[in-house]
**Q** 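Pasting a structure here, questions to come.
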Amino acid sequence: MALKAVNVTDVPNLDQVPENNASLSLYSSRFNSEGLELNSEATFKVPKFLVIGHRGHGMNILQSSDSRMKAIKENTILSFNSAAKFPIDFIEFDVQVTKDDCPVIFHDDFIFSEENGTVFEKRVTELSLEEFLCFGPQREAGKQGKSLLRKTKDGKILNWNVEADDSFCTLAETFQKVDPSLGFNIELKFDDHIVYQQDHLIHVLQVILQVVSEYAKDRPIIFSSFHPDAAQLVRKLQNTYPVFFLTNGGTQVYYDVRRNSLEEAIKVCMEGGLQGIVSEVKGVFGNPGAVPRIKESKLSLLTYGKLNNVPEAVCMQHLMGIDGVIVDFVQEISHAVDDMIIKPLNEGLREGDEETETKSKLQFSQQELSFLLKLIPELIQH
């Protein structure tokens, strides 16, 4: 299949976006008949507790002693379809746009490689599609491209070695080659250290929306971004898919105050007409009182982070009323959610017990739940 840059002329600009919000139900065989819905008030209805695969089957941490963090190359078709084998609802992945206007899947701002003993870096958005695809395993069987290294958070440069490798991919290929019943959480990726002009943001978002418009069909989609302006802009540029604002929830401090707390995240959503928040789970556990405020604002709430790889922490979030989790250990967490949450609820519904749903969500009394929530901020300090 030939790969080429996309034409963005058919995507509406901000002046052409209608004010009314059309109602659309996004049906997938992985959901019940309610699907995912944006109603006329632009609120987002999550029909069940969502399990979302982080960068597909899970992110890569090359220095980890846990082999699961190095099992499958993240953000690849192989990783996405491996995740699809388990009872999850969405996969999350990172989209950037090359200099010749092709949306590609890659998390880091820079690609690291080595040539003649010298390590060099290339910014993803300054590469052409052809240049981007030349790193790592190639599509042709047995062919290897330029070496692929990765810089860790502590500054080390390591070989990007995993048990099951795969080539880089574009957003269009992902739509074409990944199980169509699997929803996409498309993170719109921008560099925290760059101040982007609105015209640039609009152009990048239009390029991505063109691909989505062409290939999405009936696939459920959620857009998300740590960049508050990009999140609000993609909401203005389209009214088909829900947009979530990503935040560290106060666990890190940024120059842009809109990124520094769940309260600020609520403001971003309310000002921009967004449908939900995706927070670092520690930010929620450290500020559990924000959850009812988020719900009162008619926003959905998802979380990400290492604690989401712990079944008990995931179950606790369900009890708190959180709508879903982004996880690295797809197999373990999807099965735990199925056993602890989904099956008990379904069994009760079959029995016709009107109180079953409440019972399944509140295995603890309100007093016990309040006590646990008070303990959590203390626990996550250790």
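Computed over heavy atoms, backbone and side chain alike; hydrogens, waters and symmetry mates excluded. Keep in mind it's a predicted model, so treat the numbers as computed, not measured.
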**Q** For Phe244 versus Ser300, what's the shortest heavy-atom pair and its separation?
**A** CZ-CB, 3.7 Å
**Q** Lys48 versus Asp89: any side-chain heavy-atom pair under 4.5 Å?
**A**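 Side-chain contact under 4.5 Å: yes.
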**Q** A quick test of your reading: do over 12 heavy atoms of other residues, nucleotides or ligands sit less than 6.0 Å from CD of Gln197?
**A**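 No, CD of Gln197 has 12 or fewer neighbouring heavy atoms, counting only those of other groups under 6.0 Å.
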**Q** Yes or no on side-chain hydrogen bond (donor to acceptor under 3.5 Å, both in side chains) for Ser213 and Gln210, after CA distance, side-chain angles and deciding distance?
**A** CA-CA 5 Å; Ser213 175; Gln210 175 65 32; 5.6 Å; no
**Q** Taking C-beta and beyond as the side chain, do Val211 and Tyr215 meet within less than 4.5 Å on heavy atoms?
**A**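 Val211 reaches Tyr215 side chain to side chain.
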**Q** Test salt bridge (Lys or Arg N to Asp or Glu O under 4.0 Å) on Arg123 and Asp191; report intermediate values, then the result.
**A** CA-CA 10 Å; Arg123 183 179 289 278; Asp191 191 331; 2.7 Å; yes
**Q** Would you call Asp328-Lys306 a salt bridge at under 4.0 Å N-O?
**A** no
**Q** Once you round to the nearest 0.5 Å, how far does CD1 of Ile202 lie from CD of Gln206?
**A** 6.5 Å
**Q** State whether a side-chain donor-acceptor pair under 3.5 Å links Asn81 with Asp179.
**A** no
**Q** Please find the pair of heavy atoms, one from Leu149 and one from Asn159, that lie closest to each other, and give the distance.
**A**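 Answer, listing the atom of Leu149 first, then Asn159: CD2-OD1, 2.9 Å.
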**Q** Quick one: are Lys151 and Lys156 in side-chain contact, heavy atoms under 4.5 Å?
**A**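 Side-chain contact under 4.5 Å: no.
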**Q** Keeping the roles fixed (side chain from Arg235, backbone from Val243), state whether a donor-acceptor pair exists under 3.5 Å.
**A** no
**Q** Under 3.5 Å, side chain of Gln238 to main-chain N/O of Tyr241, donor-acceptor pair present?
**A** yes
**Q** Would you tabulate the side-chain donor-acceptor contacts of residues 109-120 under 3.5 Å, counting partners in other chains and residues two or more places apart, or write 'none'?
**A**
unit_1	atom_1	unit_2	atom_2	d
Ser113	OG	Ser147	O	2.5
Ser113	OG	Ser147	OG	3.0

**Q** Run the side-chain contact (heavy atoms from CB on, under 4.5 Å) test on Ile266 and Phe245 for me, step by step, so that the C-alpha distance in whole Å, both residues' side-chain angles and the decisive distance to 0.1 Å come before the verdict.
**A** CA-CA 9 Å; Ile266 294 173; Phe245 179 51; over 6 Å; no
**Q** Distance alone, cut at 3.5 Å: any donor-acceptor contact between the side chains of His227 and Asp256?
**A** no
**Q** Can you tell me how far apart OG (Ser334) and CZ (Phe329) are? Round to the nearest 0.5 Å.
**A** 12.5 Å
**Q** Taking C-beta and beyond as the side chain, do Thr125 and Lys99 meet within less than 4.5 Å on heavy atoms?
**A** no
**Q** Could you give me the CA-CA distance, side-chain angles and deciding distance for Phe93 and Phe80, then say whether ring pair (Phe, Tyr, Trp, His ring centres under 6.0 Å) is met?
**A** CA-CA 9 Å; Phe93 53 79; Phe80 301 153; 5.2 Å; yes
**Q** So, the side chain of Ser225 versus the backbone of Leu188: is there a donor-acceptor pair under 3.5 Å, distance only?
**A**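 Yes: the side chain of Ser225 pairs with the backbone of Leu188.
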**Q** Hey, are the side chains of Ser67 and Glu163 touching, using non-hydrogen atoms and a 4.5 Å cut-off?
**A** yes
**Q** With a 4.5 Å cut-off on side-chain heavy-atom distances among I, L, V, M, F, W and Y, is there a chain of contacts connecting Val95 to Leu78?
**A**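 No; Leu78 is not reachable from Val95 via cluster members.
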**Q** Check Asn308 against Val314 and note the closest heavy-atom contact, atom names and distance.
**A**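 That would be O-CG2, 3.4 Å.
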**Q** For Asp166 and Arg139, what are the C-alpha separation, side-chain angles and deciding distance, and is it a salt bridge (Lys or Arg N to Asp or Glu O under 4.0 Å)?
**A** CA-CA 8 Å; Asp166 196 16; Arg139 288 175 169 79; over 6 Å; no
**Q** Which heavy atom in Ala336 sits nearest to a heavy atom in Pro311, and how many Å separate them?
**A**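 Answer, listing the atom of Ala336 first, then Pro311: CB-CB, 3.9 Å.
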**Q** Are the side chains of Val162 and Asn60 in contact, using a 4.5 Å heavy-atom criterion?
**A**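 When only atoms from C-beta onward are counted, Val162 and Asn60 do touch, with a gap below 4.5 Å.
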**Q** With a 4.5 Å cut-off on side-chain heavy atoms, are Val212 and Phe184 touching?
**A** no
**Q** To the nearest 0.5 Å, how far apart are CG in Leu205 and CD in Gln198?
**A**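 Interatomic distance, Leu205 CG to Gln198 CD, rounded to 0.5 Å: 10.0 Å.
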**Q** If we ignore angles and hydrogens, is there a donor and acceptor under 3.5 Å between the side chains of Tyr254 and Asn248?
**A** yes
**Q** Kindly indicate, with the supporting measurements, whether the criterion salt bridge (Lys or Arg N to Asp or Glu O under 4.0 Å) is fulfilled by Arg293 and Glu263.
**A** CA-CA 9 Å; Arg293 291 194 290 275; Glu263 285 71 25; 2.6 Å; yes
**Q** Can you check whether Gln331's main-chain N or O pairs, donor with acceptor, with His335's side chain at less than 3.5 Å?
**A**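 Side chain of His335 to backbone of Gln331, a donor-acceptor pair under 3.5 Å: yes, one is there.
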**Q** Test your reading of the model: is there a side-chain donor-acceptor pair from Ser279 to the backbone of Gly283, 3.5 Å cut-off?
**A** no
**Q** Within the side chain of Arg219, is there an N or O that forms a donor-acceptor pair under 3.5 Å with the backbone of Leu182?
**A** yes
**Q** Specify the closest pair of heavy atoms between Ala313 and Leu307, including all atoms of both residues, with the distance to one decimal.
**A** CB-O, 3.3 Å
**Q** Kindly write out the residues that satisfy side chain to side chain donor-acceptor pair (under 3.5 Å) with Asp154, not counting sequence neighbours, or none if the list is empty.
**A**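 For Asp154 the side chain to side chain donor-acceptor pair (under 3.5 Å) partners, ignoring immediate neighbours, are Thr152.
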**Q** Can you tell me how far apart CZ (Phe168) and CD (Gln138) are? Round to the nearest 0.5 Å.
**A** 9.5 Å
**Q** In Å and rounded to the nearest 0.5 Å, what is the NE2 to OG1 distance from His57 to Thr76?
**A**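 Here the rounded value is 10.5 Å.
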**Q** Report the C-alpha distance between Val325 and Leu50 in whole Å, list the side-chain angles of each, state the deciding distance to 0.1 Å, and finish with yes or no for side-chain contact (heavy atoms from CB on, under 4.5 Å).
**A** CA-CA 6 Å; Val325 289; Leu50 301 179; over 6 Å; no
**Q** Not counting sequence neighbours, list each pair that qualifies as a salt bridge (charged side-chain N to carboxylate O under 4.0 Å, His left out) and has a residue in residues 56-75.
**A**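 Found Arg55-Glu74, Asp66-Arg68, Arg68-Glu332, Lys73-Asp165, Glu74-Arg150.
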**Q** If only atom types and distance count, is the side chain of Asp323 paired as donor or acceptor with the main-chain N or O of Leu301 below 3.5 Å?
**A** yes
**Q** Indicate yes or no for a side-chain donor-acceptor contact from Asn185 to the backbone of Ile91 under 3.5 Å, with no hydrogens or angles considered.
**A**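 Answer holds: no.
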**Q** Look at the side chain of Glu280 and the backbone N and O of Lys282, then say whether any donor-acceptor pair between them is shorter than 3.5 Å.
**A** yes
**Q** What class does the angle between the rings of His318 and Phe49 fall in, given that below 30° is parallel, 30 to 60° is tilted and above 60° is perpendicular?
**A**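 Rings of His318 and Phe49: perpendicular, as their planes differ by over 60°.
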**Q** Would you please test Thr303 and Val278 for side-chain contact (heavy atoms from CB on, under 4.5 Å) and show each step?
**A** CA-CA 5 Å; Thr303 67; Val278 186; over 6 Å; no
**Q** For the pair Gln232 (side chain) and Val268 (backbone), establish whether a donor and an acceptor sit closer than 3.5 Å, ignoring hydrogens and angles.
**A** yes
**Q** Let me confirm one number: the CD1-OG distance from Ile52 to Ser224, rounded to the nearest 0.5 Å.
**A**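 That separation rounds to 8.5 Å.
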**Q** With side-chain contact (heavy atoms from CB on, under 4.5 Å) as the test, would you mind laying out the steps for Tyr196 and Asp229 before giving the verdict?
**A** CA-CA 9 Å; Tyr196 295 95; Asp229 295 329; over 6 Å; no
**Q** Are Lys267 and Glu271 close enough, and set up right, to give a salt bridge (Lys or Arg N to Asp or Glu O under 4.0 Å), and what steps lead you there?
**A** CA-CA 6 Å; Lys267 290 180 185 177; Glu271 290 170 0; over 6 Å; no
**Q** Heavy atoms, side chains only, cut-off 4.5 Å: are Asp94 and Ile105 in contact?
**A**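 The answer is no; the side chains never approach within 4.5 Å.
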**Q** For a quick test of reading the model, state the closest non-hydrogen atom pair linking Ala265 to Thr247 and the distance between them.
**A** CB-CG2, 4.1 Å
**Q** Using the rule that Ile, Leu, Val, Met, Phe, Trp and Tyr join whenever any side-chain heavy atoms are under 4.5 Å apart, tell me whether Ile326 and Phe226 fall into a single cluster.
**A** yes
